[in-house]
Amino acid sequence: MKTALKVYNTLARKTEEFQPINPPFVGLYVCGPTVYSEVHIGNVRTFTSFDLIYRYLLHLGYKVRYVRNITDVGHLLDDNEEDKISKKARLENIEPMEVVQRYTVDFHKTMMLFNTLPPSIEPTATAHLIEQIELIQTILDKGLAYESNGSVYFDVLKYSADHNYGELSGRNIDELLVNTRDLDGQDDKKHPADFAIWKKAEPQHIMKWNAPWSLGFPGWHLECSVMSTKYLGTTFDIHGGGMDLKFPHHECEIAQNEAGYGCAPAKYWLHTNMLTFNGRKMAKSEGTGVTPKEMITGNHPLLTQAYSPMTIRFFMLQAHYRSTLDFNNEALQAAEKGFRRLMTAVKDLDGLKSGNTSFFTVEDWKEELYAAMNDDFNSPIAIAQLFEGVRLINLMKDQGETLTESDLAAFTSAFKTFITDVLGLTTEEENDSGEVDGLMDFILQLRNEAKARKDYATSDEIRDKLNELGFEIKDGKEGTTFSRK
RNA sequence: GGUCUCGUGGCCGAGUGGCUAGGCAGAGCUCUGCAAAAGCUCGUACAGCGGUUCGAAUCCGCUCGAGACCUCCA
């Protein structure tokens with residue numbers, strides 16, 4: 001390969017060459033979902049983006065430990081309001097951990113539909129309470145947090161005396177201090193910019209644990225600091241998440257790690273962009289989230305039809321992970337057709353015969369594929385290159401072009417590997433047994449016999465009827481094939 | 001109000017100082033009994049106005065428009 005992998009590092013605000021701390025090992029931490037409701041399709045995009053990144057790192061031969069947490073501790077909505085998980089539990093009159101269980105299972109099922117690989121470790125916040133309490137104590141001991149009415153707050157002002165709080169999200173502390181909104185009920189804090197690392201629970205709060213400071217629950221940012229450190233070490237390679245987590249979540253995480261462990265948690269910070277719907281960000285809290293189920297069933301007022309998980313995955317991969325992607329029916333339908341054409345080519349690849357000469361240079365074609373992915377995981381370009389491959393495949397199939405045996409093998413392998421292993425695209429199961437194939441072969445044989453005796457009335461009738469039933473008939477040079485519409 | 005991002009052909013979406021992105025849709029042609037599929041060709045796009053430059057969609061400034069973060073959020 002001529003090019004090296006480069007990644008856009010939010011911390012540096014530029015694209016940098018990717019150099020793992022301990023090659024061939026790579027530590028990758030991604031902020032996972034809060035399991036208080038179904039994920040929406042925007043969440044799916046983020047995890048699909050990191051799935052692409054994970055898959056490509058694996059493909060390059062790195063030994064990746066991919067950690068993605070499950071946030072199962074509720075966190076405050078805002079003042080005097082109970083947290084999301086407790087609220088949901090109260091509304092549905094069930095245990096908070098039932099909420100957690102239900103939506104964790106749902107999350108896994110959904111991500112499997114979209115063919116994302118499971119992480120190596122998927123730790124939960126509730127299972128790491130002890131570690132979180134320990135980190136709070138450490139930060140307290142170092143004098144960078146203070147206790148107030150049973151809650152513990154991170155002392156941002158004191159921390160920023162010799163640390164650059166705001167380095168990730170590009171804010172400076174003075175502006176932050178001036179611009180922090182004045183919320184009620186923050187009297188416990190010395191300063192509005194301070195954030196809770198332990199919060200005393202109100203009596204009605206259901207999820208709570210005993211800690212030296214109070215019966216309460218940990219601050220939201222804490223779990224990631226603790227779990228990433230526990231499983232990947234104090235400094236690991238890549239920390240990822242949605243752009244919306246840059247501030248305050250990731251900024252606070254860095255501060256906690258610096259304060260508690262004395263070093264920055266990650267070398268590279270990668271942030272994925274949002275999915276918009278009619279130009280607006282999807283957010284659970286805004287009620288603008290379209291769920292994967294609604295997408296797959298088409299059961300949503302703004303959708304004119306259902307879209308399969310692979311169509312959606314392909315659609316997402318056609319945009320770069322750092323760009324916003326807007327959603328509409330026309331674009332999704334285009335993706336559906338394009339995806340089908342791509343997968344048809346994959347199938348056609350197996351029927352190709354090699355020749356004595358090659359009509360293009362496989363290595364050059366491959367090189368561009370890798371160059372695209374090495375450029376900060378540019379999947380849209382990689383897909384464009386794959387479509388160039390589709391054209392080449394069709395030329396071999398229909399126009400008599402050839403590759404030598406070894407070139408054809410190399411091309412086939414690269415083409416398939418990229419689609420299946422790197423992009424994670426699979427043929428949608430048509431839940432056929434061999435029965436349909438057998439039946440179709442028989443019917444098409446009858447039709448070809450009719451054609452042979454120029455009985456076009458019969459052959460067209462068969463084709464039209466099969467068409468109605470959802471099968472598309474194609475008469476090619478090498479015989480007749482069919483596909484589902 | 002502060003910080004920042006973006007505005008590309010009918011739609012989605014790459015690129016980013018001079019070289020074809022790609023997909024879908026549309027038009028024409030070839031192949032074919034017809035059709036489908038496929039191949040080839042085409043539209044000459046970069047919000048507007050200035051500036052820098054031999055040359056800008058790409059750099060700078062302004063204007064307009066959209067969005068994100070500053071508060072839970074992927």
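A note on names: the letters A, B, ... follow the listed sequences, proteins ahead of strands, and every chain is numbered from 1. Values reported hereafter were calculated over all heavy atoms of this structure, with side chains retained and with hydrogens, waters and symmetry mates removed.
The aromatic rings of A/F314 and A/F339 sit tilted relative to each other, their planes meeting at an angle between 30° and 60°.
Residue contacts shown for A/G170 are limited to sugar-phosphate atoms, with no base heavy atom under 4.0 Å away. Using a 4.0 Å heavy-atom criterion, one finds that A/N328 contacts the sugar-phosphate atoms exclusively. Residue contacts for A/F339: at a heavy-atom cut-off of 4.0 Å it reaches no nucleic acid atom on any strand shown. Residue A/H271 is out of contact with every strand shown, counting any heavy-atom pair closer than 4.0 Å. When heavy atoms are screened at a 4.0 angstrom cut-off, A/L342 is found touching no nucleic acid atom at all. Here A/K454 lies out of heavy-atom contact (under 4.0 Å) with every strand. Among the atoms of the strands shown, only primed sugar atoms or phosphate atoms (P, OP1, OP2) are found under 4.0 Å from some heavy atom of A/A331.
Atom name P, nucleotides B/C6 and B/G61: the rounded distance is 13 Å, in whole Å. Taking atom C1' on both B/A74 and B/C11, the two are 26 Å apart, rounded to the nearest angstrom. Comparing B/A45 with B/G22, their C1' atoms are spaced 15 Å from each other, to the whole Å. Going from the C1' atom of B/A56 to that of B/G18 covers 9 Å, rounded to whole Å. Comparing B/C49 with B/U44, their C1' atoms are spaced 24 Å from each other, to the whole Å. When the P atom is used for both B/A25 and B/A57, the distance is 30 Å, rounded to whole Å.
The partner of B/C42 is B/G26, judged by Watson-Crick or G-U wobble contacts that both fall below 3.5 Å. Under the Watson-Crick or G-U wobble criterion, with both distances below 3.5 Å, B/U16 is left unpaired in every strand shown. Remark: B/G50 base-pairs with B/C60; criterion is Watson-Crick or G-U wobble with both hydrogen-bond distances under 3.5 Å. In this structure, B/C31 forms no base pair with any nucleotide, since neither Watson-Crick nor G-U wobble geometry is met with both distances under 3.5 Å. B/G1 is paired with B/C70 under the criterion used here, namely a Watson-Crick or G-U wobble arrangement in which both key atom distances are under 3.5 Å. Look at B/G55: it lacks any Watson-Crick or wobble partner with both distances under 3.5 angstrom.
B/A37 atom C1' lies 15 Å from atom CZ of A/F482, rounded to whole Å. When the P atom of B/A68 is taken as reference, atom NE2 of A/H249 falls 21 Å away, rounded to whole Å. As rounded to whole Å, 14 Å separates atom P of B/C70 from atom CE of A/M243. Atom P of nucleotide B/A14 and atom CG of A/D376 are separated by 12 Å, given to the nearest angstrom. Atom C1' of nucleotide B/U71 and atom CZ of A/R171 are separated by 11 Å, given to the nearest angstrom. Atom CZ of A/R340 and atom P of B/A38 are 11 Å apart (whole Å). Look at CZ on A/R13: it is 14 Å from P on B/U3, rounded to the nearest Å. Rounded to whole Å, atom P of B/C34 lies 18 Å from atom CD1 of A/I473.
For the pair A/R171 and A/F247, the distance from NZ or CZ to the six-membered ring centre is under 6.0 Å and the angle to the ring normal is within 45 degrees. Both tests pass for A/R68 against the ring of A/F47: distance under 6.0 Å to the centre and angle within 45° of the axis.
Residues A/Q305 and A/N329 have side chains that never bring a donor and an acceptor to within less than 3.5 angstrom of each other. Side-chain contact of A/H108 with A/E122: a donor-acceptor pair under 3.5 Å is present, judged by distance alone.
For the pair A/D375 and A/G32, both in contact range of RNA chain B, the more 5′-proximal nearest nucleotide belongs to A/D375. Mapping A/F327 and A/N273 onto RNA chain B by nearest heavy atom places A/F327 closer to the 5' end of the strand.
Distances shown here put a side-chain N or O of A/K337 below 4.0 Å from the OP1 or OP2 atom of B/A25. The phosphate of B/A14 has OP1 or OP2 within less than 4.0 Å of a side-chain N or O from A/S323. At the phosphate of B/A38, neither OP1 nor OP2 sits under 4.0 Å from any side-chain N or O atom of A/N394. Considering only side-chain N and O atoms, A/R341 lies under 4.0 angstrom from the phosphate OP1 or OP2 of B/G23.
Without hydrogens or angle criteria, A/W269 side chain to A/K246 main chain gives no donor-acceptor distance under 3.5 Å.
For A/F154 and A/Y159, the distance between ring centers is under 6.0 angstrom.
Stacking of the aromatic ring of A/F387 onto the base of B/G23 is not found under the criterion of centres within 5.5 Å and planes under 30°.
Taking only distance into account, the side chain of A/R463 meets the base of B/A35 through a donor-acceptor pair shorter than 3.5 Å. At a cut-off of 3.5 angstrom, counting only N and O atoms as typed in the model, there is no donor on one side facing an acceptor on the other between the side-chain of A/D244 and the base of B/C72. Donor-acceptor pairing under 3.5 Å, judged by distance alone, is present between the side chain of A/D460 and the base of B/G33.
Tested against A/Y66 for a ring-ring contact (aromatic ring centres under 6.0 Å, His included), the candidates A/Y54, A/Y231, A/Y29 yield a single pass: A/Y54.
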